[in-house]
Amino acid sequence: MNSIDLSLATAVVVLLLAVGAAAVTRLGRLGHAPAVLVACLRAAAQLGAVSLIIVWAVEHALAVAVFVLVMYGVASVTAGRRITSGSAVRWAAVPIAAGTLPVLALLFGSGVVPPLGITLIPVAGILLGGCLTVTALAGRRALDELAHRRGEVEAALSLGFSERDAALEICRPPAAQALVPALDQTGTVGLVTLPGAFVGMLLGGAGPLQAGVVQLVVLVALLAAEAVAVVVTIELAARGRFGGQRPGAGLSGGARRANR
């Protein structure tokens, strides 16, 4: 057997892992025990539904496009809600698109990845998922820094920095840390980790060399997409697009006039 089959044993093991993870978070007082169980249940239901949908969707170009757009919409809303609330949530769609679209265009336009529904859906999902994560992390970290270090932002404004430049000086270094997990994953692949694309192809019967090439393309493409998403997220945060008090809002009117 070279793959993981749907069986009673598989179901029992997955259930034990989910309950075990919830138990550990509860005993460790992490506060996420119910969320762990809900996430696992959602994953099972969503993957089951998606598996059935993909079987039909990959044969219809319009269905593939709709499927990818739905993934993009869910990723944007999820990232936006992690960062902020209200109408500002919609701005999370910008870095996710900025990171994903150019990379998809290059992969499929160059012919490196076959322009088929069966390849577009998973590749787009990987890129969207990565951009979702770094957008949420970078955006949240940027807003936290701007809130906690408001005095430093105002000090930079008093020295003649624009609102955007003052905010970037404070929020860019911490928010840029959102890219570290992708850097570690790419830099240690094959030595510490064997990511999903590689393992999946091996389980599907592909040779190790072919699996390695596919994984390399996926990892480098993901890193490029995430880098763009982080840069755009930080820029949006510095410009106050994610809501909250704008940099320098605490300055007096005289100080503001002096900076103009």
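Note that the numbering runs from 1 along the sequence shown for the chain.
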Within the structure provided, determine whether E235 and L168 are in side-chain contact (heavy-atom separation under 4.5 Å). yes

One should read off an interatomic distance between R241 CZ and R90 CZ, to the nearest 0.5 angstrom, of 9.5 Å

- Message: So R140 and R82, do their side chains get closer than 4.5 Å, heavy atoms only?
- Response: no

**Message:** With a 4.5 Å cut-off on side-chain heavy atoms, are L219 and L223 touching?
**Reply:** no

Between A98 and V228 the two heavy atoms that sit nearest each other are O-CG1, 3.3 Å

Practice problem: Return yes when atom CG of L209 has more than 12 non-hydrogen atoms of other residues, nucleotides or ligands closer than 6.0 Å, and no otherwise. | Solution: no

One should read off an interatomic distance between R172 CZ and I234 CD1, to the nearest 0.5 angstrom, of 7.5 Å

*Take V38 and R42, measure what side chain to side chain contact (heavy atoms under 4.5 Å, CB included) needs, and give me the verdict at the end.*
CA-CA 6 Å; V38 170; R42 287 186 58 178; 4.0 Å; yes

message: Using the rule that Ile, Leu, Val, Met, Phe, Trp and Tyr join whenever any side-chain heavy atoms are under 4.5 Å apart, tell me whether V89 and V232 fall into a single cluster.
response: no

task: Report yes or no: do V103 and V134 belong to one cluster of Ile/Leu/Val/Met/Phe/Trp/Tyr joined by side chain heavy-atom distances under 4.5 Å?
output: no

Taking every heavy atom of A166 against every heavy atom of A156, the minimum-distance pair comes out as CB-CB, 3.7 Å

Practice problem: Find out whether T100 and Y72 are in side-chain contact, i.e. whether some heavy atom of one side chain is under 4.5 Å from a heavy atom of the other. | Solution: no

_Working note: F242 + T233, criterion side chain to side chain contact (heavy atoms under 4.5 Å, CB included); need CA distance, chi angles, decisive distance, verdict._
CA-CA 9 Å; F242 290 121; T233 300; 4.0 Å; yes

By ring-ring contact (aromatic ring centres under 6.0 Å, His included), H60 pairs with (sequence neighbours left out) W56

- How about V230 and P95: do any of their side-chain heavy atoms sit closer than 4.5 Å? no

Check: Within the distance-only criterion (no hydrogens, no angle test), does the side chain of T135 pair as donor or acceptor with the backbone N or O of L132 below 3.5 angstrom?
Finding: no

dist L120:CG -> L104:CG (nearest 0.5 Å) comes out at 6.5 Å

Heavy-atom nearest pair, R149 first then P174, reads NH1-CG, 4.3 Å

- Does T78 use its side chain to pair, donor to acceptor, with the backbone of A75 at less than 3.5 Å? no

All heavy atoms of A97 vs all of P102, minimum pair found to be O-CD, 3.8 Å

Those residues at least two apart in sequence (or on a different chain) that pass side-chain contact (heavy atoms from CB on, under 4.5 Å) with L116 are P114, I118, T119

Note, T10 side chain near S7 side chain (heavy atom, < 4.5 Å): yes

Rounding to 0.5 Å, atoms CD (E226) and CD1 (I96) come to a distance of 11.0 Å

Report task. Please determine if E154 and R150 form a salt bridge, counting it only when a charged side-chain N lies under 4.0 Å from a carboxylate O. Result -> no

Discussion item. Are V214 and L127 linked, directly or through intermediate hydrophobic residues, by side-chain heavy-atom contacts shorter than 4.5 Å (ILVMFWY only)?
Written reply: yes

Here the gap from T25 atom OG1 to L37 atom CG, rounded to the nearest 0.5 Å, amounts to 7.5 Å

- prompt: Is there a side-chain contact between V50 and F67, using heavy atoms and a 4.5 Å cut-off?
  reply: yes

What one should report as the nearest heavy-atom pair of E145 and C171 is CB-CA, 4.3 Å

Notebook entry, point to check: Going hydrophobic residue to hydrophobic residue with side-chain gaps under 4.5 angstrom, can you get from L17 over to V24?
Noted result: no

| Side-chain heavy atoms of V213 within contact of Q210, under 4.5 Å | no

Rounded to the nearest 0.5 angstrom, the OG-CZ distance for S76 and R81 is 11.5 Å

Here the pair of heavy atoms bringing A178 nearest to A138 is CB-N, 3.7 Å

Do L101 and L107 belong together in a cluster built from hydrophobic side chains that touch within less than 4.5 Å?
no

